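Worth knowing before you read on, the calculation uses all heavy atoms, side chains too, and leaves out hydrogens, waters and symmetry mates. None of these values were measured; they are calculated from a predicted model. Reminder, nothing fancy here: chain letters follow the sequence lines and each chain counts from 1.
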Amino acid sequence: DTAVSQTPKYLVTQMGNDKSIKCEQNLGHDTMYWYKQDSKKFLKIMFSYNNKELIINETVPNRFSPKSPDKAHLNLHINSLELGDSAVYFCASSQAGTSTYFGPGTRLTVT
Amino acid sequence: DAKTTQPTSMDCAEGRAANLPCNHSTISGNEYVYWYRQIHSQGPQYIIHGLKNNETNEMASLIITEDRKSSTLILPHATLRDTAVYYCIVRPLQTGANNLFFGTGTRLTVIP
């Protein structure tokens, strides 16, 4: 049983395109997140979404936008993709007072 | 959140105990110590957390010094599958979002 799942696992696209990464959690958690891991393996939080409250890391460009159709999903939309957006993106979820569960990651390559 | 300092890398022989240290000298009274690990090409995985008492679960033990300025994660019998980057994170246990700020971690290599 997959707790946090992401699709696709790999995404290769060209500069300037718009793409989305989907995330679903079946843990009943009330908070979901997106993290980015760059080529140097630094793992940084991008967004957290809790009860319709979005907290954005100030360093994230506004080309990135999370969208939550319901409590179990937090999709990541990226507009006008740039070379520097190439990274592995991890979705995660947690409930207050519990540990955070991460998805398997989506490797995005922008050419 | 308080800053943590970890060695860049460590080796451990298979079957031996792996002891991973973490310094968090600026930890606040309400901050917990969390440990996560990331096995190659996978998402980070929660291991254990504690406030001031030592903790043990099926994966590991966490030893926190009395002054709480440092801690040690112990994998009692390391296996090859424990090869990963281990992250020590300190943060409050709070309601709402549980944002995690990862440092560079310790790359543990378990050697056959």
Residue pairs passing the ring pair (Phe, Tyr, Trp, His ring centres under 6.0 Å) test where at least one lies in residues 52-92 of chain B, sequence neighbours excluded: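 As it turns out, the ring pair (Phe, Tyr, Trp, His ring centres under 6.0 Å) pairs with a partner in residues 52-92 of chain B, which skip direct neighbours, are B:Y87-B:F102.
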Does one hydrophobic cluster hold both [X] and [Y], with members joined at side-chain heavy-atom distances below 4.5 Å?
X: B:I111; Y: B:I39; value: no
X: A:Y10; Y: A:L108; value: no
X: B:V85; Y: B:Y34; value: yes
X: B:Y36; Y: B:I74; value: no
X: B:M59; Y: B:I48; value: yes

- prompt: What pairs with A:S68 under side chain to side chain contact (heavy atoms under 4.5 Å, CB included), at least two apart in sequence or on another chain?
  reply: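 If we apply the side chain to side chain contact (heavy atoms under 4.5 Å, CB included) test to A:S68, skipping adjacent residues, the hits are A:Y49, A:L74.
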message: Which atoms of B:Y32 are under 4.5 Å from chain A, going by heavy atoms: the side chain, the backbone, both sets, or neither?
response: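 Looking at B:Y32, nothing touches chain A.
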task: Considering only heavy atoms, give the residues of residues 35-47 of chain A separated from chain B by less than 4.5 Å, sorted numerically, with 'none' for an empty result.
output: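 A:Y35, A:Q37, A:K41, A:F42, A:L43, A:I45 fall under the 4.5 Å cut-off.
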- prompt: So which residues of residues 15-25 of chain A are in contact with chain B at a heavy-atom cut-off of under 4.5 Å?
  reply: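 So no residue qualifies.
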Please determine whether the number of non-hydrogen atoms from other residues, nucleotides or ligands lying under 6.0 Å from atom [atom1] of [X] exceeds 12.
X: B:R16; atom1: CZ; result: no
X: A:K67; atom1: NZ; result: yes
X: A:N62; atom1: CG; result: no

- prompt: Is a side-chain donor or acceptor of A:Y33 paired with a backbone partner of B:L100 at a separation under 3.5 angstrom?
  reply: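 Pair absent, no side-chain N/O of A:Y33 close to backbone of B:L100.
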- prompt: Which residue out of B:G105, B:G103, B:P44 racks up the most heavy-atom pairs below 4.5 Å with chain A?
  reply: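 Of the candidates given, the most pairs with chain A belong to B:P44.
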- request: Decide yes or no on side-chain contact (heavy atoms from CB on, under 4.5 Å) for A:F102 and B:Y46, but give the supporting numbers first.
  value: CA-CA 9 Å; A:F102 287 81; B:Y46 166 80; over 6 Å; no
query: Taking all non-hydrogen atoms of both residues, which atom of B:G43 and which atom of A:F90 are closest, and how far apart?
result: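 Looking at all heavy atoms of both residues, the closest pair is CA-CE2, 3.3 Å.
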